[in-house]
Structures are given as structure tokens and as C-alpha cells.
Amino acid sequence: MKFAKSYEPGDKEPEIYAAWEASGAFRPKVPQYPVNDASSRGVDAEKGLDQSKYYSIVMPPPNANGNLHIGHGLTVALEDSLTRYYRLRGRSAWYIPGADHAGFETWVVYEKSLEKIGKSRFEYSRDELYAQVWDFVEEQRGNMELQLRALGASCAWDDLTFTLDENVVARVYKTFEKMWNDGMIYRGEKLVNYCSKHRTAFADIEVEHKDEKGMLWEIAYPIVEDDSNQNFSEARPSGPSLRADGAQARRSSASSEKFDVESSSALVVSTTRPETLFGDVAVAVNPEDERYKDLIGKHVRLPLTKREIPVIADEHADMEYGTGVVKITPAHDYDDFEVGERHDLPRVQVIGEDGLMLDAAGPNYAGLTTEECRKKVLKDLKEQGLLRGEKKIEHAVAHCYKCGTVIEPMLKEQWFIDVEKLAELAIERLEKGEIKFFPASKKKVLVNYLRGLKDWNISRQIPWGIAIPMFRKVNEDATDSPDWVFDTRTNLTEIEVGGVKYMRDEDTFDTWFSSAHWPMVCTDWVEGVPNPYYPLNVMETGADILFAWVARMIMIGVYVTGEVPFREVYLHGLVLDEHGQKMSKSKGNVINPMELVTKYGSDAFRLGILRGRSAGMNQAFSENSVVSGRNLCNKLWNVARLVDDIVSEDDDFDTCTTLNTGEDWICRELDVCREKVELDMLNYRFAEAVETLYSTIWDKYADWFLESQKIYRNSPLLKKTLEMILVMLHPFAPFVTEAIWQNLSWTEDMIITQKWPAKLEYDPMTAGEFERIREVVNEARATLQVIEGGKRWKILYGDDSLVAENAELICKLTGVPAVESCEGQPRGLRLATMNSEAYLDVPEKVVAKYRATLEEKILAVGRELDALNARMMNPAYVDKAPVHLVKQTQDGIKEKQALIERLKKQLEVI
RNA sequence: GGUUCCUUAGCUCAGUUGGCUAGAGCGUACGAUUCACAUUCGUAAGGUCACAGGUUCGAGCCCUGUAGGAACCACCA
């Protein structure tokens, strides 16, 4: 086949991908199914599984509903390189693709589209909505899969797992049931992060804290002087939270409507949220605070209401902050919630799930938005003379990470996982070193996070997700039966158990709860059945979801399977724009990976995005690096074009041996390259592996070896070395290497299923000789560049067999008109560095002009010599440094001295 | 407040258990051209390795501190 003059990726990529897919190359050689047939999976009953034969990696499932972004591009580049590398290494490699229902993300998109047609989610039942979103996702799906194909992902499409697939749901329910039975699931009324726009709760991790400017107001709470010793908390009936009608608050028997500002004393509290005042159930001062010690146990009147609330002592009150007095609103603040628990205070909820004030705020305020209410409260307080001050401050405010709405801590009954045991299990495995992290530092970060982990709220109030398999008793009279039952019949809204009716809980699971099962569901893990693909060899994902995902996979994985879900974790950082800025729509600096693939080809994109990247680090990325990737592809294409040309002309012998100059050398260089790439892949040093291949192909194979082969043609070696290069680059640039493979006149099959190269044989002495030729050529080139006349001059050689034997090659590489014998009469400018008997045949007056350069060179070498001498003068160095280094220094001194001698001699001639 | 990371050429980054004169790509300057490739080839300039101490025969690398930057967690009434 004829090679075109340049490589055009666009024409070939889809065709190549289709051929790979059709050939079955993406499927693992040893399938995991049928799951119960252990013998077909190489399981030896005696020895168990030989893990070194398999390689498993899962794709962090992209949103089924979306397009791939640059982060996915990086993910595929990393994961597919690993997959293809281990496939070439002979493993049964299984790269399992996935698609994420992306609960909340997709829901937000869908809800927006509902809004557009003037509908609201509240017009439909949950099941209706679920069906609608399913269709919506189904329509959009496929996009993402096409894009993964364009990126060259060699994943097993037959095994694509969708996060709502039956087996996923079944597994999630099994785990939930196990936890329920183990007492690790509880329903609790707690403060949860609540977005009033999306009307759902979030896990702590889904909330974004932003520093914002705000106000700190000081509000006077009048002290009730005729305080009896009636205790607030005793007056309240025990039980769960109190809905806030204020009934439990002690009524002021003789409270005057108007507070006399002048004559009465008051406690001044500091607050950023005056609108929650109606939910106050106490004010707290620090027990150490001398200013307020006498007031502890007394009561104050809650402004704008007739309620009286106690003054309590609690460490939470910071003496330094504001006035040192803090209002306690357990239903709307996390700290206050805890204070409330410590002091057994009621919880008065004043803000509803729609973000509007509840009746508990009183008739004047109920129904207002929190913002309107704040304004009115402030105005009313001012009128009554109770607003004592305001101060601008900066504080962190929680926002919904999707819509930016301020997150309201909301009192809600939700399902929680008691994470204590889970975290403990995970920490134990991590500390045993069962999972290796890249970068290593992330392990510490993870353990630290797990140590402080709070219980996990897994309820979400959105229809798009896996239904929580819990049913609540309808009939309160059936006292013997449990309030809640676990049941997997979540397709029903109502079930009957033991003659008692139960209603389905309408909430769905936090997406991360189901994603935590990913490694086991993707690999079809079944209890008691040996599975060569579980644990995964590696989990590759973004460092930003270390806590949300990686932590949870480990906890759930160990809890369910008793094994860590993966042996290694590679975390990639963010892809930043070329100035190191985070990409965002608002900044307009978003790079679309598909555009780059279209423009430069998939390989160029992959090579480009891997360049300069290291584990866990955010890294800048620009089109430039893709251009350089494209250039490498074209270079390789032309290398192949030349090789194919040479071998087709001259193809009459078959044994592959090294015969001529440069051949042992290239074998050595390729072998060094191979070893380095192997080591780099073992350590997930992708950028270094690419770098090594780049310079080996370009600077060594093309620039030196192929140039030498234009003179000495060794077809078998050319074939073998080219194949080796192609195979080694294949994991990173799959398309161009396959395109070349298909185009070469002698190759068979496909490169994707070839074998990784074995060690090459070569003669190190001969390899070293070529190194000398390179040095002579380099010196000649550099010198010719600066002397008058440039390449006009010939090169002469004296008693130097290496130069004599390679005269033609040196002539070609330096571009001089001739390389010939000096016939026993050395003259001109000596190429002295390598102690070769080679001279640039330049007249004396040109050499004279070179004098200054020569003198400078002598000085430079002299400085190097001095440094080496100084080292040898140090007795401690000679004494303590390793012998080979000392010898190296000694040799270096001899060499430098000899070089200076040669240069000085040259100077004398002038 | 806690945890972690980063600071090396104009830019983006390598530099693996400390070991010769600290590297690459891009960019810059100069030069080349019927030859596989202008998506090319050659040559060069460009660095107090953030700073200050310490350990060591020897430090970009290890230790301590300082400065600057970033991320995450918790909190900010």
C-alpha cells in the first residue's frame, strides 16, 4: 500500500475503531461470564487465581445525558493507555465502560426543561417523573458513547453498566438491607443541607461554601426582671421536636406590649440571621464570661413575640465575637442544633421547605420569603428600639453547588448511615497499605477525612434515582408492627406486610451511595465466587472526588465484599486553561475535547493532554501540546513511509542481525526506552513515558538511525525496530499506530493485539562507537555554524579508522562536500572533543578568526577541571564517596586535561 | 482553625532511594532546503532550583523555619 505524504487522522479513525470493535479486541480474553463457571476463567481450585493474567479497570461513568468535557478526555487518555498497555503485555484486559444516571445533575437539567414548558414537578407523581426522565435520558444517550469511541477508548461495550441497571439496583438494595439488619441505617430528624429551589437535601460534601459580605446585627433581648425559678426545659414535654407554634415557650405573664428602651436592661445578641429569631429557644453566653454570669438562668423576652426564653451557659458562645451573646435556633443552625441537644431545648422551625416563613413566625411574617422577612424584622426592631447596631462582616455562606441558592439548614427526617464502622473498616485497610495511592500523599488526606466523617445522609427528595426500599406504616393503630419495613418492591407505592399497610418512602438514594458499589457491580462480583477481575487493578479518577467517591467505594467495598475494591488508585488533577485558570463557562475558557479531536486527531489530543501531567496535580493545558502530539503522529507516519520504501526495494534476506554502524546503537536505545516506559507505566508516569517515546522516535530513531540506514540498509532490522516503536507507542496513540500497521507491506493482523516487545540483543561496544560518530558530527555541525564559510569546508581524517569507515555517513550528516583522508598531512581545525583525528579543512586565516572561541573553550573546560580537582582535594570525599564515583572523577580529570592539551596545541598552530 | 500540595529557563512542566557541568516541549534568535516529513532539519541564547538556616564528603532532592500561591475539610452567631 502507498503511504500518503502526511498523516490525515480524520479519514481513518472511525474506520479503525469500527474494525477493532468488530474484531472483539476490546473484550477480555477470559470473560467473566457465565459467572458461576469458575473453570472457564482460569481458576485453579488448588492455586486460586493468578492475578497477573488479568487486568481490570472501570471507567468512572460519565453522565449518560451529557457531552464529554476535557476531564473525560484526560480520563480516557489515562485509562485507555493503561488498558492497551496491559493488553499488549498479554493480560486479559477488561476496561468496563459505564453511564451515570447522575441523579441530581440530570434532574436539574430535566427540571429546567419542565420549567420551559411551564410545568412543575409537583404536577406529577414520582413514578411519572421517573418515566419521563428515563425517556429524556434515553434520547440523549449515545452522544457520550460516540465521543468515547472518538477518543479511542478500547472498552468492552457489551459490558456497559448503567447506574440504574437492574443488577446495580439489586446490589444496592442488598447492601442497604445488610446495613439495616446490622443496625447501621437509622431514620433521624436532623438538620440537613436543604436547597429550597430544588427542594432536596444534600450531603455535606455537595455544599459549596463561599466567602461573602454580610451584616452582623446586634439585637436587644429585654431581660425579664421578675423571673421566677421556673425552668424552661422542665416546662416542655419530652419527645421529638416541637413544631413551632410557640406553645412550649413560657408565656410572659405580665409582659408589656412596649418595651421601655431607656429604663430596662437587655441582653444584646449578635446575629447574621435576624429572620430566624422566631425560632430562638434560648440565648447563650459563655460560662466564663464575667459580664453575663449573673444572668445565667434568667429569661429574656424574644423581641417581636410574647415568648420568654432562658439564658443558658454554653461554650459555644464566643466571648470575643460580637457581644458575646448568641441566640440559639436549633432548627436552623448546625451549632445551635448541638447546643439544643446539650441543653435539651425544643426545636422551633420557622422556615418551610419552600423557603417561606411558617406560621410559627407569627401572622405578620408568615408567608414571606426569608429575605423579605429579614427586612421586615429589622425594620420592626428598629421601630421598637431593639436594633442596637450593625456591622459589615465577611463570612462563609453555604450554597447549592448547582443553582447557587443559599443552603438552608432544615430540620428533616431522613435516612442516615452510621458511618463509624464503615470508616473504621476502611481506615484499617488503608493503614495496612492494601491500596497504593498515586500520588501517595492522598492516602493521608483520605484517612484524615475518614477520621472526622459524620453520618451520611442518603435521602434525596428527587424522583430521578434509585428508590429507597423502605415503607412506612400507614395505620398507626397496628402498634405491634414496626414503623418502617425494608422491601424491594419499590415499583409499588403501597404494600401490605403481615396484614398491615405500608406506604413507600418517596425519596431516592444519594447517587454516591449507589456509585460506591461500582467496582463490584461492574465486575459482576458475587459472594463466594472467585473473580479474577475483583478487586480492580486500578481506580483512575479525579482527585476532586476522592471523598465523594473513592472513600465511599472503599468503605462499601470492604463492608460488602470483605476486600478492598481496587489495589491502586490513580488520581488526576484538574485540566486548567493555558494560564492555569480553572475552566468555566462564565470565564469562556472552556476547551471542548471533541473540537481538538476533530482538528488534530484523537492521538494528538491524547498525547497532548498527557504531556506535562503528573498524578494529583492540576495542570495547565493548551492547544500547543496537541499540536506537538499531531506533529509526532505525522513524524511517525513519515518514518514508516521511509522504512516501507526501503524494505520494499530491498527485501531479500530474513534473519535479523545487526550489521552496520548505528544498528547496535538503536537496539540499545530502543531497549532503554522499553525499560523506561515499562517502569513509567508501573508508576503511572504517563507524561514521562510519552516523553521518552517522543525523544526516542524523533531524536534517535528518525534523526540518527534512519539517516544512517539511508546508507546502510538492513531491512529485517528496520522492520523489527519499526514494529517495536509502533507497539510501544500504541497505548498512547492507538489510531496512527494501527493505521501504519495496516498500511505496511509486511505486517499482519492488528497492532492492538500484538505483543509488547521483548529485550533486544546488541553489542554495547559497537553501540558506543556510534555514539562517538554522533559526537564528531555534532561538533562538526556546531563548529561549521560559527566559522566563516560554513558547510563549504571538507572534513579530513588522519589515523582514525572509525571516521574513515563512516566517511560517507559523516559526510551526509554534516552536509559537508566531502570527508576524505588527509594523506598523512593533518591541517585545519581539529574536531578535538572526542579525540578523533578529524579536521575541518579550513585555511589558516579562517582558523585564526576562531582563536577567541578556542580560548574561551579552553577556559570553560579549565573551570570544569578545577571543579573536579577541588573534589579530589577533599580527603573526606575520596574517603567516603562510593568508589565508582571517585573513579569517575579521576577519569574526568584525565579527560579534561587531555582535551585542554589538544585545544592548546591547536592554538599554538594558529 | 485542620489537612495536603506547590514555588526549577519567557511559558507549561520533568528531575524516581541525595552523586559528574540541572533537562524537555513550546516560545525566542540565527542558519538550512530538490533527499520520508516545513506538521521538516541544524545551531544557539536563556536557570542564585522562592528565601534563610541545618544535616552530609556532596542538597533542586532530606530536616527546621520564613515568604508567596493553590486545593480540600471544619467553622465563622
Side-chain angles (χ1 to χ4, degrees), chain A residues 3 5-7 204-205 209 211 214 216-217 269-273 276 283-284 316-318 321-329 333-336 393-397 439 441-442 444-445 447-449 452 454 543-544 546-547 573-574 576 578-580 600 604 611-614 616-622 624-625 627-628 630-646 679-680 683 685 687-688 691 694-695 702-703 706 710 778 781-786 790-791 812 814-815 860 863-864 867-868 871 874-882 884-885 888-889 891-892:
Chain A
F3 274 85
K5 198 171 176 185
S6 63
Y7 176 61
D204 296 341
I205 209 159
H209 288 271
D211 280 331
L216 186 66
W217 286 280
V269 306
S270 305
T271 181
T272 53
R273 304 203 55 195
T276 63
V283 295
H316 169 59
D318 180 352
Y321 196 90
T323 59
V325 187
V326 57
K327 66 203 242 343
I328 302 299
T329 324
D333 183 279
Y334 287 98
D335 287 326
D336 293 4
I393 55 152
E394 200 156 281
H395 61 155
V397 181
S441 61
K442 292 289 179 186
K444 246 197 213 166
V445 176
V447 169
N448 187 54
Y449 168 78
K454 286 201 220 154
D544 52 334
L546 174 64
F547 298 154
L574 292 177
L576 307 173
E578 57 184 320
H579 307 294
Y600 299 105
R611 172 150 294 193
R613 211 156 286 277
S614 59
M617 298 282 295
N618 295 349
Q619 237 128 45
F621 171 68
S622 74
N624 262 343
S625 58
V627 170
S628 114
R630 188 264 321 255
N631 294 353
L632 178 64
C633 292
N634 188 61
K635 185 76 184 179
L636 188 64
W637 180 260
N638 275 287
V639 162
R641 184 155 98 117
L642 176 64
V643 171
D644 200 53
D645 224 36
I646 296 175
L679 197 63
D680 286 338
N683 293 302
R685 297 158 61 87
E688 287 75 9
E691 189 83 43
Y694 192 102
S695 74
D703 288 353
L706 280 190
K710 283 175 181 170
N778 280 337
R781 281 170 174 174
T783 313
L784 288 166
Q785 192 85 18
V786 288
K791 285 185 191 173
K812 179 163 178 49
T814 52
R863 280 192 296 272
E864 288 162 16
L868 293 180
R871 194 172 304 155
N874 183 350
Y877 173 72
V878 182
D879 205 31
K880 293 187 180 172
H884 75 276
L885 282 174
Q888 225 172 59
T889 311
D891 292 349

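Side chains included, hydrogens not; waters and symmetry mates left out as well; all remaining heavy atoms used. Residue numbers begin at 1 in each chain, while the letters A, B, ... track the order of the sequences. Quick caveat: nothing in here was measured; it's all calculated off a predicted structure.
With hydrogens and angles disregarded, no donor-acceptor distance shorter than 3.5 Å links the side chain of A/Asn618 to the backbone of A/Gly573. Remark: side-chain polar atoms of A/Ser270 are paired, donor with acceptor, to backbone N or O of A/Thr323 under 3.5 angstrom.
Contact annotation: side chain of A/Lys635 to base of B/rC37, donor-acceptor pair present below 3.5 Å.
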- Task: Between protein and nucleotides 10-17 of chain B, map the contacts as a letter string: B base, S sugar-phosphate only, - none, heavy atoms under 4.0 Å, written 5' to 3'.
- Result: --SSSSB-

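Taking the C1' atoms as reference points, B/rU66 lies 16 Å from B/rC6, given to the whole Å. Taking the C1' atom of each, B/rG27 and B/rA9 are spaced 11 Å apart, rounded to whole Å. For the C1' atoms, the distance linking B/rG47 with B/rC11 amounts to 14 Å, nearest Å. Look at the P atom in both B/rC37 and B/rG23: the space between them is 33 Å, to the nearest Å. With C1' as the reference atom, B/rU56 and B/rA24 are 30 Å apart, rounded to whole Å. Separating the P atom of B/rU8 from that of B/rA44 is a span of 26 Å, rounded to the nearest Å. Separating the C1' atom of B/rG46 from that of B/rA29 is a span of 11 Å, rounded to the nearest Å. For B/rC75 and B/rG18, the C1' atoms lie 42 Å apart once the distance is rounded to whole Å.
Rounded to the nearest 0.5 Å, atoms CG (A/Asn448) and NZ (A/Lys442) are 12.0 Å apart. Note that OH of A/Tyr694 is 6.0 Å distant from CG of A/Asn631, once rounded to the nearest 0.5 Å. Of the inter-residue distances, the one linking A/Tyr600 atom OH with A/Ser628 atom OG reads 11.0 Å to the nearest 0.5 angstrom. If you take CD on A/Gln619 and OG on A/Ser614, they are separated by 4.5 Å, rounding to the nearest 0.5 Å. Separation of atoms CZ (A/Arg273) and CG (A/Asp333) is listed at 8.0 Å; rounding is to 0.5 Å.
Closest heavy-atom contact between A/Ile328 and A/His316: CD1-CD2, 4.3 Å. Minimum interatomic distance between A/Thr814 and A/Leu784 (heavy atoms only, all atoms of both residues): O-CD1, 4.3 Å. Contact between A/Ala687 and A/Gly612 at its shortest, heavy atoms only, is CB-N, 3.6 Å. Scanning both residues, A/Ala284 and A/Ala317, for their nearest heavy atoms gives O-CB, 3.7 Å. Across every non-hydrogen atom of A/Val283 and A/Val269, the tightest pair is CG1-CG1, 3.8 Å.
Among the atoms of the strands shown, none is found under 4.0 Å from any heavy atom of A/Thr889. Here A/Asp891 lies out of heavy-atom contact (under 4.0 Å) with every strand. At the heavy-atom level, A/Glu691 lies under 4.0 Å from the strands shown only through sugar-phosphate atoms.
Atom-to-atom, OH of A/Tyr334 to P of B/rA74 comes out at 10 Å; the value is rounded to the nearest Å. As rounded to whole Å, 11 Å separates atom C1' of B/rC37 from atom CG of A/Leu706. Rounded to an integer number of Å, the gap from NZ of A/Lys812 to P of B/rC35 is 11 Å. If you take NE2 of A/His884 and P of B/rC20, they are 9 Å apart, rounded to a whole angstrom. The nearest whole Å value for the distance from the CG atom in A/Asp703 to the C1' atom in B/rU40 is 10 Å. Rounding to whole angstrom units, NZ of residue A/Lys442 and P of B/rA71 are separated by 12 Å. Taking atom CD of residue A/Gln785 and atom P of nucleotide B/rG42, one finds them 11 Å apart after rounding to whole Å. Atom C1' of nucleotide B/rU39 and atom CG of A/Asn624 are separated by 13 Å, given to the nearest angstrom.
Comparing A/Val786 and A/Ser270 along RNA chain B, the residue whose closest nucleotide (by nearest heavy atom) sits nearer the 5' end is A/Val786. Residue whose closest nucleotide on RNA chain B sits further toward the 5' end, between A/Asp336 and A/Ser6: A/Ser6.
In this structure, a donor-acceptor pair under 3.5 Å is present between the side chains of A/Arg641 and A/Asn638.
In terms of phosphate contacts, A/Lys710 brings no side-chain nitrogen or oxygen within less than 4.0 Å of OP1 or OP2 of B/rC35. Contact between the side-chain N/O atoms of A/Asn448 and the OP1/OP2 oxygens of B/rC72 is not found at any separation under 4.0 Å. Distances shorter than 4.0 Å separate none of the side-chain N or O atoms of A/Lys444 from OP1 or OP2 on B/rC72.
With a 3.5 Å ceiling on both atom-pair distances, the Watson-Crick or G-U wobble partner of B/rG1 is B/rC73. Under the Watson-Crick or G-U wobble criterion, with both distances below 3.5 Å, B/rC11 is paired with B/rG25. A 3.5 Å limit on both hydrogen-bonding distances identifies B/rA52 as the Watson-Crick or G-U partner of B/rU64. In this structure B/rC20 sits in no base pair that meets the Watson-Crick or G-U test at under 3.5 Å. Under the Watson-Crick or G-U wobble criterion, with both distances below 3.5 Å, B/rA32 is paired with B/rU40.
Considering only the side chain of A/Ala782, B/rA44 comes nearest among B/rA36, B/rG25, B/rA44. Looking at the side chain of A/Ala702, the nearest of the listed nucleotides B/rU39, B/rA36, B/rC20 is B/rA36. Closest to the A/Val445 side chain, of the nucleotides B/rC20, B/rC37, B/rU4, is B/rU4. Side chain of A/Lys454, nearest nucleotide from B/rA36, B/rA44, B/rC75: B/rC75. Nearest to the side chain of A/Arg630, among B/rC20, B/rU39, B/rC37, sits B/rU39.
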Under 3.5 Å, N/O pairs linking protein and nucleotides 56-61 of chain B:
from	atom 1	to	atom 2	distance (Å)
B/rC57	OP1	A/Lys880	NZ	2.2
B/rC57	O2'	A/Asn874	ND2	2.7

